[in-house]
Amino acid sequence: MPKSWMGCTFTMLMASVAFASSHATARTDYLHLDYCVIGAGPGGLQMAYFLQQSQRHYLVFERSNLSGSFFVRYPRHRKLISINKQYTGKQNKEFNLRHDWNSLLSHDDNLLYKHYTKDFFPHADTMVHYLNNFTNRFDLKIRYNTEITWIEAEKHPKAWSGHYFYLTDQNDYHYRCRAVNNAMLDTYQLKSLDGLLEGDLANIAIVQDRKGKLRLRLRFHFDRSNASQDVLHSNDQRLLSVEEADNFSVRQSYDRVVRCLGWNFDFSIFNNLTKPKRGRGRTNKYPLIKATYESESMPGMFIIGTAGHSVDFRKSAGGFIHGFRYTARAVHHLLEHRYHGTTWPATTLPIIHLTNAIIKRINEASGLYQMFSVLADIVLLRKNATEFEYLEEYPIGALPHLQENTGRNAANGLFVINLEYGSNFSRPEADVFHPSRSVGEPRHAWLSNFLHPVIYFYKRLPTETEMMQRPKLWPLPRPHYIHHVVEDFLTDWTAAKAHILPLRRFLENCLDTDLRSFFAESCFKFALTNPHVPPFCHHGYLNMQGLLDVEIF
């Protein structure tokens with residue numbers, strides 16, 4: 001069983017400084033880098049692209065001789081389960097990425113996956129070809145045939161977070177990084193002589209009998225001295241204890257045994273002080289990380305790619321290319337602000353554009369769509385709510401730390417735009433196709449079960465304590481006001497009465513203002529009869545920008 005994700009799915013990012021050190025214990029035989037990325041799989045290549053575009057000093061370490069080597073061997077049946085939808089009926093690139101689960105993010109439309117194959121479920125060899133084309137097109141800095149075998153951290157006063165990372169490869173070269181902060185299932189269900197056993201491999205032995213057949217036995221039926229063997233022969237050990245129940249589920253022999261054991265993060269390459277902690281419960285095969293994908297125990301170490309799936313395990317798409325391409329971009333924004341003083345990208349617009357800005361994003365954005373309840377858009381209000389800043393795809397679990405992570409001011413209130421499933425969408429033993437599974441009336445929007453937009457309004461940033469004490473199954477603490485946009489069969493939230501009008505009225509109630517658009521004649525009347533005119537008139541008519549071909553009496 002492969003032990004780590006380094007071929008494709010495990011990508012670890014560390015950053016380091018290239019300062020000349022005067023520390024007494026400083027090492028001098030190390031290649032100095034700003035950022036070290038381990039693994040040239042999709043996650044590593046995506047991060048390398050962002051670092052390259054920002055002209056950062058980085059290097060990707062890959063233990064094989066090509067990018068995406070995981071896909072040379074896996075999946076065994078050679079068909080990916082990630083869809084490659086060629087035609088969506090739209091030309092909008094951002095929208096089309098909602099249905100393209102294989103492309104990495106870049107500025108080159110020629111590197112969209114649809115140009116490499118028309119297969120709805122592509123062949124794994126195509127992914128290998130695609131990832132290496134991506135590498136060559138952007139001349140990404142990758143050191144192949146280099147396996148990082150040891151990672152340790154050492155304190156240093158000049159390091160950004162107080163320590164450097166030191167990496168060693170299989171050839172004993174050293175690097176210093178800146179411490180920055182199926183069909184078988186069907187036949188099993190149908191009782192057609194195939195078996196499925198779920199359990200800890202440490203408690204199971206595969207035994208070959210005298211006829212060459214394979215039998216599965218629990219390890220406690222064997223002598224402890226030989227319990228560590230994976231395959232035991234009947235001549236060496238007894239097959240069954242006389243006390244064992246004769247209704248043991250897999251008492252029959254098998255011709256083939258397929259071990260579907262999943263993947264485990266390789267913790268063995270770290271020394272004890274550097275080793276990240278394990279996740280809790282079902283995520284213990286992943287490193288324990290924050291909502292920002294930074295290690296809980298080791299500042300400056302970021303876990304991206306599938307290895308960062310603990311943040312949204314069995315909740316969202318962070319374990320797959322169409323999910324972690326967006327979390328990698330979010331991590332890049334965090335790094336750019338924390339270590340290079342670049343504020344999180346944002347668009348500043350007059351408040352009259354708020355409704356349209358939200359409607360556009362919920363109908364087109366692919367990052368919100370794929371990483372629902374993990375990445376959310378943030379609207380930060382300017383003083384007196386005359387303007388707003390729009391931030392895209394911020395890690396929702398790090399909302400209490402938004403100002404320090406982005407460099408943006410949230411003192412005047414904020415909206416959080418999230419996509420969510422209803423709490424009863426797929427609870428255990430529920431019929432996901434029950435007759436009342438969907439709603440269509442805007443007044444029942446809060447009962448929507450399928451993926452739908454939810455807008456939270458906070459007068460101030462929630463605290464870390466409020467985040468930890470949020471209601472069960474809620475991605476965020478209770479807001480001052482909340483609005484659900486009713487679910488839609490086509491996930492097309494553009495209906496004037498069902499979607500746009502209720503949203504606009506919700507925003508108006510939160511802001512205590514009028515967000516409607518008016519003709520110049522109406523603005524003229526407002527200016528004559530009211531001490532305050534609607535924002536649309538204030539930014540338009542009163543600035544000599546009335547609508548064309550409108551007569552004013």
Side-chain angles (χ1 to χ4, degrees), residues 90 92 94-95 98 345-369 372 375-394 408 410 412-420 440-446 448 451-459 476 479-488 490-520 522-523 526 530 532-543 545-547:
K90 297 188 178 183
N92 185 288
E94 183 68 15
F95 175 85
R98 289 184 171 190
T347 302
T348 302
L349 294 170
I351 200 68
I352 57 175
H353 296 303
L354 180 56
T355 305
N356 287 339
I358 294 176
I359 289 295
K360 179 178 175 62
R361 285 289 296 170
I362 63 178
N363 282 287
E364 296 179 359
S366 55
L368 288 183
Y369 192 83
F372 53 87
L375 300 179
D377 284 1
I378 309 293
V379 171
L380 300 178
L381 299 174
R382 293 283 183 90
K383 190 175 182 180
N384 299 324
T386 57
E387 292 182 324
F388 65 92
E389 291 179 306
Y390 201 106
L391 285 67
E392 298 178 1
E393 298 165 20
Y394 177 80
R408 302 285 178 178
N412 301 305
L414 66 152
F415 292 94
V416 180
I417 296 90
N418 187 34
L419 291 185
E420 300 178 14
E441 291 292 328
R443 60 193 174 119
H444 298 142
W446 63 280
S448 297
L451 192 67
H452 65 285
V454 183
I455 293 86
Y456 298 74
F457 175 68
Y458 296 95
K459 295 180 181 178
L476 286 169
H480 292 92
Y481 303 106
I482 189 170
H483 176 72
H484 290 254
V485 180
V486 68
E487 61 186 338
D488 183 77
L490 299 174
T491 63
D492 180 7
W493 295 284
T494 56
K497 294 182 180 179
H499 302 134
I500 300 175
L501 180 59
L503 172 63
R504 196 201 79 213
R505 287 178 172 170
F506 166 75
L507 298 174
E508 289 175 336
N509 287 334
C510 294
L511 299 172
D512 192 24
T513 192
D514 192 330
L515 295 179
R516 291 179 294 174
S517 299
F518 296 93
F519 287 108
S522 298
C523 290
F526 276 125
N530 292 275
H532 303 287
V533 300
F536 182 88
C537 296
H538 179 77
H539 290 282
Y541 176 76
L542 295 185
N543 286 325
Q545 295 179 4
L547 297 180

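In what follows, every heavy atom counts, from backbone to side chain, and hydrogens, waters and symmetry copies are set aside. These figures come from a predicted structure and were not determined experimentally.
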Is there a donor-acceptor contact under 3.5 Å from the side chain of W446 to the main chain of H483? no

Compare all side-chain heavy atoms of T355 with those of I500 and state whether any distance is below 4.5 angstrom. yes

Which heavy atom in Y458 sits nearest to a heavy atom in L476, and how many Å separate them? OH-CB, 3.4 Å

Do you know the tightest heavy-atom contact between N412 and K383? ND2-N, 3.4 Å

With a 4.0 Å cut-off, would you call E393 and R361 a salt bridge? yes

Spatial distance of atom SG (C510) from atom CZ (R505) [nearest 0.5 Å]: 14.5 Å

When you measure from the side chain of N384 to the backbone N and O of T386, does any donor-acceptor pair fall under 3.5 Å? no

If every non-hydrogen atom of V454 is compared with every non-hydrogen atom of H484, which pair is closest and at what distance? CG2-ND1, 3.4 Å

Heavy-atom pair of closest approach, residues V486 and A498: CG1-O, 3.9 Å

Report yes if some heavy atom in the side chain of I351 is under 4.5 Å from a heavy atom in the side chain of L381; otherwise report no. yes

Spacing of CG belonging to L490 relative to CG belonging to N363, to within rounding of 0.5 Å: 11.0 Å

Distance-only donor-acceptor check, side chains E420 and N418, under 3.5 Å: yes

Test side-chain contact (heavy atoms from CB on, under 4.5 Å) on L414 and V379; report intermediate values, then the result. CA-CA 5 Å; L414 66 152; V379 171; over 6 Å; no

I need the I482 CD1 to F506 CZ distance, nearest 0.5 Å. 7.5 Å

So E364 and K90, do their side chains get closer than 4.5 Å, heavy atoms only? no

Could you state the interatomic distance from OG (S517) to CG (N356), rounded to the nearest 0.5 Å? 7.5 Å

For L419 versus Y369, what's the shortest heavy-atom pair and its separation? CD1-CA, 3.6 Å

State, with a plain yes or no, whether a side-chain heavy atom of I358 is found less than 4.5 Å away from one of L507. yes

Does a side chain donor of either T348 or E387 reach within less than 3.5 Å of an acceptor in the other side chain? no

Drop me the distance from H532's NE2 to T513's OG1, to the nearest 0.5 angstrom. 10.5 Å

Residues D377 and Y390: side-chain donor-acceptor under 3.5 angstrom: yes

Identify the heavy atoms of W493 and L451 that sit nearest to each other, and give their distance. CZ2-O, 3.4 Å

If the plane angle is over 60° it's perpendicular, under 30° parallel, otherwise tilted; pick one for Y481 and F457. parallel

Give, for atom CG of D514 and atom CZ of F526, the distance between the pair rounded to the nearest 0.5 Å. 6.5 Å

Counting N and O atoms only, with roles assigned by atom type, does the side chain of R98 sit under 3.5 Å from a partner on the main chain of A365, one being a donor and the other an acceptor? yes

Can you confirm whether H480 is buried at NE2, in the sense that more than 12 heavy atoms of other residues, nucleotides or ligands lie under 6.0 Å from that atom? yes

L391 side chain near E389 side chain, heavy-atom distance below 4.5 Å: yes

Using only heavy-atom distances, determine whether the side chains of T494 and D492 contain a donor-acceptor pair under 3.5 Å. yes

Does some side-chain heavy atom of H452 sit less than 4.5 Å from a side-chain heavy atom of D488? no

Is a donor on one side and an acceptor on the other found under 3.5 Å between the side chain of H353 and the backbone of L349? no

Walk me through it: do F518 and R516 pass the test side-chain contact (heavy atoms from CB on, under 4.5 Å)? CA-CA 7 Å; F518 296 93; R516 291 179 294 174; 3.7 Å; yes

If only atom types and distance count, is the side chain of N92 paired as donor or acceptor with the main-chain N or O of F95 below 3.5 Å? yes

Heavy-atom distance under 4.5 Å between the side chains of F415 and L354, does that happen here? yes

